[in-house]
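Written below as structure tokens is the structure these notes are about.
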Amino acid sequence: MKNRIEQMENHYIICGGGRMAYTIGLELERSNKDFLFIENSPDSPVMENSHRWPIIQKNALLEDTLEEAGIHRAVGLAAVLQTDADNLFVVLSAKRLKPSLYIVTRIAFESTQSKMLQAGANKVVSPYTMGGMQIARSFISPEVNEFLEVVMDRASYEFEFQIHKITSDDSNLDKKIRDASFREEGFMVVSLRYPDGGLVFAPDADFVLQEGLEVLLLAGGEKVSGTGL
């Protein structure tokens with residue numbers, strides 16, 4: 001296991017071993033991403049898969065542990081320990097060791113969000129807020145919520161999302177969406193995002209793709225067929 005960890009590059013580090021960490025591991029495994037856990041409790045949920053998941057059974061608050069996990073070779077880190085204080089400490093340590101690392105952390109209290117962002121977290125997730133929003137959507141628009149759950153359930157469906165950025169040397173630059181290569185590659189255009197953050201959902205097939213646009217693409221298990229977008 002030590003040799004396996006030492007050979008990892010462009011991997012993800014999950015600090016924590018609870019139910020959220022377990023779910024992260026399942027999703028990364030389904031996406032064929034390299035990852036490892038840092039968890040020192042032998043009774044945590046992730047230990048159920050210790051036979052196939054690399055786990056460092058040490059304290060994630062120690063910088064030596066983060067370095068043992070190959071933080072300088074990693075591309076992302078999830079801080080999902082039990083308390084906001086512990087997650088904040090991990091974010092601070094990880095950002096100091098590798099400033100370019102993409103860091104996602106969970107919070108229990110909304111008041112902690114600004115501190116996490118100031119410490120260097122790229123994204124802050126509140127399970128309680130997200131869960132509350134999902135329940136509310138189930139009341140207000142149950143059909144829409146069911147559709148979103150189907151799309152995001154990678155365990156049962158082979159949906160794939162991708163972001164394609166239009167650059168100066170992109171073959172799709174200055175082309176209409178209907179003439180772009182996305183459909184031939186099995187994707188359909190869901191939305192566009194301008195550099196200033198502006199969004200366009202379900203863009204017209206005659207929309208001309210400009211430099212700097214980010215295109216959200218969706219594909220299923222088979223190529224999309226048909227003549228329109």
Side-chain angles (χ1 to χ4, degrees), residues 1-134 152 154-155 161 163 197:
M1 187 66 70
K2 183 179 179 181
N3 290 336
R4 181 179 173 185
I5 292 173
E6 289 177 348
Q7 293 174 6
M8 279 189 176
E9 290 186 5
N10 299 321
H11 60 287
Y12 296 88
I13 300 171
I14 306 169
C15 297
R19 287 172 295 175
M20 179 172 282
Y22 183 89
T23 302
I24 295 170
L26 286 177
E27 289 300 311
L28 291 176
E29 185 177 55
R30 288 169 186 152
S31 299
N32 295 317
K33 303 295 184 182
D34 290 328
F35 62 94
L36 60 85
F37 295 91
I38 300 177
E39 170 59 35
N40 59 2
S41 173
D43 300 320
S44 63
V46 300
M47 292 300 177
E48 297 176 11
N49 286 297
S50 60
H51 60 285
R52 77 174 195 265
W53 286 352
I55 303 172
I56 297 176
Q57 289 187 258
K58 293 184 179 180
N59 190 344
L61 302 182
L62 301 177
E63 291 191 359
D64 287 347
T65 306
L66 295 176
E67 291 180 339
E68 183 178 338
I71 190 170
H72 297 292
R73 305 186 306 275
V75 293
L77 178 144
V80 289
L81 299 170
Q82 293 185 351
T83 69
D84 287 0
D86 285 349
N87 287 325
L88 180 61
F89 194 89
V90 169
V91 171
L92 285 167
S93 299
K95 208 65 177 180
R96 191 188 73 80
L97 290 172
K98 187 177 181 181
S100 62
L101 190 68
Y102 188 85
I103 301 175
V104 182
T105 184
R106 62 156 288 177
I107 56 172
F109 300 98
E110 294 297 327
S111 58
T112 317
Q113 180 172 359
S114 60
K115 296 182 179 66
M116 292 293 189
L117 294 172
Q118 290 174 5
N122 299 91
K123 187 173 182 59
V124 180
V125 175
S126 171
Y128 302 108
T129 298
M130 294 178 65
M133 290 174 62
Q134 186 173 359
M152 299 310 295
R154 293 179 58 89
F161 283 103
I163 297 292

Run through Val80, Leu61, Leu77, Asn59 and flag the one making a side chain to side chain contact (heavy atoms under 4.5 Å, CB included) with Cys15. Leu77
Counting only heavy atoms not in Arg73 (residues, nucleotides, ligands), do more than 12 fall under 6.0 Å from its CZ? yes
Do you know the tightest heavy-atom contact between Val90 and Ala60? CG2-O, 3.8 Å
Separation between CG of Leu97 and CD of Glu67, rounded to the nearest 0.5 Å: 5.5 Å
Have Ser126 and Gln113 got a donor and an acceptor in their side chains that come within less than 3.5 Å? no
Could you name each residue pair satisfying side chain to side chain donor-acceptor pair (under 3.5 Å) that touches residues 74-100, not counting sequence neighbours? Glu63-Arg96, Thr83-Asp86, Asp84-Thr112
Distance-only donor-acceptor pairs under 3.5 Å for side chains of residues 45-56, two or more places apart:
unit_1	atom_1	unit_2	atom_2	d
Asn49	OD1	Arg52	NH1	2.4
Asn49	ND2	Tyr22	OH	3.4
Ser50	OG	Met47	O	3.1
Arg52	NE	Glu29	OE2	2.7
Arg52	NH2	Glu29	OE1	2.9
Trp53	NE1	Glu29	OE2	3.0

Taking all non-hydrogen atoms of both residues, which atom of Leu66 and which atom of Ala94 are closest, and how far apart? CD1-N, 4.1 Å
Which pair of heavy atoms, one from Ala119 and one from Leu88, lies closest together, and at what distance? CB-CD1, 3.6 Å
Rounded distance [0.5 Å steps], NZ in Lys58 versus CG in Asn40: 11.5 Å
Of Glu68, His11, Arg4, which meets side chain to side chain contact (heavy atoms under 4.5 Å, CB included) against Leu36? His11
Rounded distance [0.5 Å steps], CE in Met130 versus CE in Met133: 8.0 Å
Might you point out which heavy atoms bring Glu39 and Gly17 nearest each other, and give the distance in Å? OE1-N, 2.8 Å
How long is the span from the CG atom in Leu81 to the CD1 atom in Ile14, to the nearest 0.5 Å? 11.5 Å
Least distance between heavy atoms, Ala74 atom then Leu101 atom: O-CD1, 3.5 Å
Quick one: which residue pairs count as a side chain to side chain donor-acceptor pair (under 3.5 Å) with a foot in residues 115-125, not counting sequence neighbours? none
If every non-hydrogen atom of Leu117 is compared with every non-hydrogen atom of Ala121, which pair is closest and at what distance? CD2-O, 3.5 Å
